[in-house]
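Comments concern the structure below.
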Amino acid sequence: MDNWILKGVKNLVNEPCTVNITSPTQVKVKVTHLLLTDTDALLYGGEIETSYPRIPGRAAIGVVTEAGEACYGMEKGTRVYFEPVRACGECLACKSGKPKDCVSTISAGKDFDGFMRDFVVCEYTDVAPLPDSVDDFHALCIETIAIAENIYDKLNLSAGQRVAVVGADFSGNILAQVLQYHKVIPVVIDNNAVNLERAHKCGIYYAFAADDELKNKILNATSGNLCDAAIYCANSKLPVSITTRLIGNDKTVVLGFTSASNAGMEIGDILKKNLTVTGVSTAHDYTDAVINMLVHNAVNINFFEKKVLTEYNPAELLSGGTDLKKGIMTILKMIF
Ligand SMILES: [Zn+2]
């Protein structure tokens, strides 16, 4: 039995314990697979602050082993995805019975205990049933796809517009595929040849290296107009200053996903071009929409390498950051 607890910075210990349902609206779920995320690595290293003790792990799926009598649509054996973001229960929206409009959402592994453990007891509304056609690996990507979808919504784009995606690792690749699903044309930029090659394999036509020729390539790809928006994947190693150079006047730059970076943006282009800059790091209430997208094959993750581990030392795995930047998904398979 596993129950990994972060007791302080880089102090992760396994303290097995027993959990039981205490209300008719709770489910008990056996965690089966957990994807190590950048957020887990940043929490482990102390670059994202939390209060201790705290169980890390935010991208996980499992199987219901017990359901209270008021858990609608859940029964023993239901395969589920754990919501990594929950409504706070404290703000005005939450107290008025509108948790979907919560202004102060809380996040797994940071504000409440995550899923790096054998069993989780939670409200049945904190897990989402998974259709058979959504496989385990795609289900582990739901939050990344949800953030991509949230970014797409924020940008208010129309079909055929060109959008620069700076950074083509795990999250950048998924974001580009989500844009493509919505008939927006992604222009992916990365300095890693493997990431560019993977983007091509996923059907992304414009995938460029961030070299001296970049601006000309962008001009060619946009009939001389530059891009209609740009998204900087915050975990990318590329300079954020590239981003504002790739878009035209009055456009929007999104800083997306999770990072502990404090890189500054150059204000020159932002002022001169009258740009809007916005950040998107979470996606509350997107899970059902994303599961529906996956049923329709919106995102293909077959080109990411997957390391599925049944024996592991999570502290060791998290100490150097994850391999998501190299397009490798490290998945803990939690068996009895
Ligand atoms: Zn709230």
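Atom set for the values below is all heavy atoms of this structure, side chains included, hydrogens, waters and symmetry mates excluded. Whatever order the structure lists ligands and atoms in, that order sets their numbers, starting from 1.
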Exercise answer: donor-acceptor pairs, residues 102-109 side-chain atoms, under 3.5 Å, sequence neighbours excluded:
{"residue": "S107", "atom": "OG", "partner": "R58", "partner atom": "NH1", "Å": "2.5"}
{"residue": "S107", "atom": "OG", "partner": "R58", "partner atom": "NH2", "Å": "3.4"}

Distance filter < 2.8 Å from the Zn ion (ligand 1), protein N/O/S hits 4

Residues pairing under ring-ring contact (aromatic ring centres under 6.0 Å, His included) where one sits in residues 302-330, two or more places apart or in two chains, turn out to be F170-F304

H33 meets the ring-ring contact (aromatic ring centres under 6.0 Å, His included) criterion, sequence neighbours left out, with none

Item checked: Any donor-acceptor N or O pair under 3.5 Å, side chains T244, E266 -> no

Quiz item: Should L35 and I301 be counted in the same cluster of Ile, Leu, Val, Met, Phe, Trp and Tyr side chains packed under 4.5 Å apart?
Solution: yes

>> Counting only heavy atoms from other residues, nucleotides and ligands, does the tally under 6.0 Å from OH of Y72 exceed 12?
In response: no

